[in-house]
S.K.: 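Provided herewith is a single structure, encoded as structure tokens, for subsequent inquiry.
Since this is a predicted model, take the numbers as computed values, not measurements. In what follows, every chain begins at residue 1, and chains take the letters A, B, ... in the order their sequences are listed.
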Number of protein chains: 2
Amino acid sequence: MNEPEIHTTDYEAALREAGVRITRPRRVILGILADMGDHPDAMEIFQRAVAIDSGISLSTVYRTMKLLEGIGAIHRHAFAGGPSRFEPAVGEHHDHLIDIDTGDVIEFQSDKIEELQNEIAHRLGYEIVHHRFEIYGRKRKKR
Amino acid sequence: MNEPEIHTTDYEAALREAGVRITRPRRVILGILADMGDHPDAMEIFQRAVAIDSGISLSTVYRTMKLLEGIGAIHRHAFAGGPSRFEPAVGEHHDHLIDIDTGDVIEFQSDKIEELQNEIAHRLGYEIVHHRFEIYGRKRKKR
DNA sequence: ATGCAGTTGCAAATGATTTGCAACTGCATT
DNA sequence: AATGCAGTTGCAAATCATTTGCAACTGCAT
Ligand SMILES: [Mn+2]
Ligand SMILES: [Mn+2]
Ligand SMILES: [Zn+2]
Ligand SMILES: [Zn+2]
């Protein structure tokens, strides 16, 4: 009858794995990450964190995001014209379409494009380390 | 027997068109643009400019880049982990592969990818305003 | 040659992110 | 449960790229 909070625990396991301490601020941030359905920036994460524990600092948010990025637990996206946004690194790889009017981020995935990328890189004599594919668009007026 | 310097003149025409004055600093920067074969950042452009006219300021480089970007004469690329880089907006659209070891920028073009992008955006109900497609890679070890 | 709005250089401001440092606190060890 | 100390934190100050206020200049239309 009790819901095990698998999400948070998973992250904590990953952190212990990485040999870092599970502190109060980190636990709060991990909790936020666990049910993060969007792509918030550091300030937004900071505000969500403060709502849970008012003692947390923005520095710690930045430090924790960097730490999590380092162990591959989250992805950082530097979309055009704004601060970095983050998202948990769970699930399949995908790219993003950013609504330039609202800032909304829509995810999409194209095996074809990923494949073409590889062909291109190899043709040029390179191995892909990572890539960035972002479409900036405006909602098509309904007809 | 004389080589007409069409490049610089072209830019100047575009600027006059936009109703701005052709000043000394601008003429210098336009000259640099005209035979820019790479993707330099503002500081690099500033240094090339100073080598021609020591009185030019970095602010003016930034202001001029913004101006030129505004009239569509150049493109600004905010590649990962560094300052914006610029390139004249001549020729076909292309995307970039960045060598993460050297910073070198290699251009490529794929009609297929551009087309797939359009399909994706339209399927999601959006019109593409612009996009960013960057491959970050490392030179494949020769075998 | 003249006038003035557009430009410039310089310094200071900005915004996002990082960092130095002294005060804390997990947590492995008694 | 008490102890010790390296890892962490909050805060303020620093960094970095870029922008901006402002007073001094200068294209260029008249
Ligand atoms: Mn995403
Ligand atoms: Mn290019
Ligand atoms: Zn992708
Ligand atoms: Zn493209």
S.K.: Just to be sure I understand the geometry, which residues of residues 45-64 of chain A put a non-hydrogen atom under 4.0 Å away from DNA chain D?
M.R.: A/G55, A/I56, A/S57, A/S59, A/T60, A/R63
S.K.: Which residues in residues 77-85 of chain A have a heavy atom closer than 4.0 Å to any atom of DNA chain C?
M.R.: A/P83, A/S84
S.K.: Which pairs with one or both residues in residues 45-58 of chain B pass salt bridge (Lys or Arg N to Asp or Glu O under 4.0 Å), sequence neighbours excluded?
M.R.: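 Pairs touching residues 45-58 of chain B that pass the test: B/R24-B/D53, B/D38-B/R48, B/E44-B/R48.
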S.K.: So A/I32 and A/I52, side-chain contact (heavy atoms from CB on, under 4.5 Å) or not? Walk me through it.
M.R.: CA-CA 9 Å; A/I32 293 169; A/I52 298 171; 4.0 Å; yes
S.K.: Might you work through the side-chain contact (heavy atoms from CB on, under 4.5 Å) test for A/I98 and A/D104, ending with a clear yes or no?
M.R.: CA-CA 6 Å; A/I98 295 89; A/D104 290 352; over 6 Å; no
S.K.: Would you list the pairs meeting ring pair (Phe, Tyr, Trp, His ring centres under 6.0 Å) in which at least one residue belongs to residues 95-114 of chain B, sequence neighbours left out?
M.R.: B/H39-B/H96, B/H77-B/H96, B/F79-B/H96, B/H94-B/H96, B/F108-B/F133
S.K.: Going 5' to 3' on DNA chain C, which nucleotide is the first and which the last to come under 4.0 Å of a heavy atom in chain A?
M.R.: C/dA16 to C/dC27
S.K.: Return a table of donor-acceptor pairs under 3.5 angstrom between the side chains of residues 116-125 of chain A and protein atoms on other chains or two or more places apart.
M.R.:
{"unit_1": "A/Q117", "atom_1": "OE1", "unit_2": "A/H131", "atom_2": "ND1", "d": "3.2"}
{"unit_1": "A/Q117", "atom_1": "NE2", "unit_2": "A/E114", "atom_2": "OE1", "d": "3.3"}
{"unit_1": "A/N118", "atom_1": "ND2", "unit_2": "A/E114", "atom_2": "O", "d": "3.4"}

S.K.: For A/R63, check side-chain contact (heavy atoms from CB on, under 4.5 Å) against everything at least two apart and list the hits.
M.R.: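 A/R63: side-chain contact (heavy atoms from CB on, under 4.5 Å) contacts with A/S59, A/T60.
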S.K.: Take the protein atom CE of B/M43 and the nucleotide atom P of D/dT15, then report the distance between them rounded to whole Å.
M.R.: 16 Å
S.K.: One pair to check against side-chain contact (heavy atoms from CB on, under 4.5 Å): A/D95 and A/E107. What are the steps and the verdict?
M.R.: CA-CA 6 Å; A/D95 294 295; A/E107 307 185 331; over 6 Å; no
S.K.: Keeping to residues at least two apart or across chains, list the salt bridge (Lys or Arg N to Asp or Glu O under 4.0 Å) pairs with something in residues 70-94 of chain A.
M.R.: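 Non-adjacent pairs meeting salt bridge (Lys or Arg N to Asp or Glu O under 4.0 Å): A/E69-A/R76.
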S.K.: List in chain and number order the residues that pass side-chain hydrogen bond (donor to acceptor under 3.5 Å, both in side chains) with A/Y126, two or more places apart in sequence or in another chain; answer none if no residue qualifies.
M.R.: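 By the side-chain hydrogen bond (donor to acceptor under 3.5 Å, both in side chains) rule, A/Y126 matches B/D99.
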S.K.: Restricting to non-hydrogen atoms, name the atom on A/S57 and the atom on A/F46 that form the minimum distance, rounded to 0.1 Å.
M.R.: C-CE1, 3.6 Å
S.K.: Going by side-chain contact (heavy atoms from CB on, under 4.5 Å), name the residues that satisfy it together with A/L67, two or more places apart in sequence or in a different chain.
M.R.: A/L15, A/V20, A/R26
S.K.: What salt bridge (Lys or Arg N to Asp or Glu O under 4.0 Å) pairs are there with at least one residue in residues 124-140 of chain B, not counting sequence neighbours?
M.R.: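 Those involving residues 124-140 of chain B are A/R132-B/E134, A/E134-B/R132, B/D101-B/R138, B/R132-B/E134.
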S.K.: Under a 3.5 Å cutoff on both atom distances, Watson-Crick or G-U, what's the dot-bracket for DNA chain C ([ ] crossing, | other strand)?
M.R.: ||||||||||||||||||||||||||||||
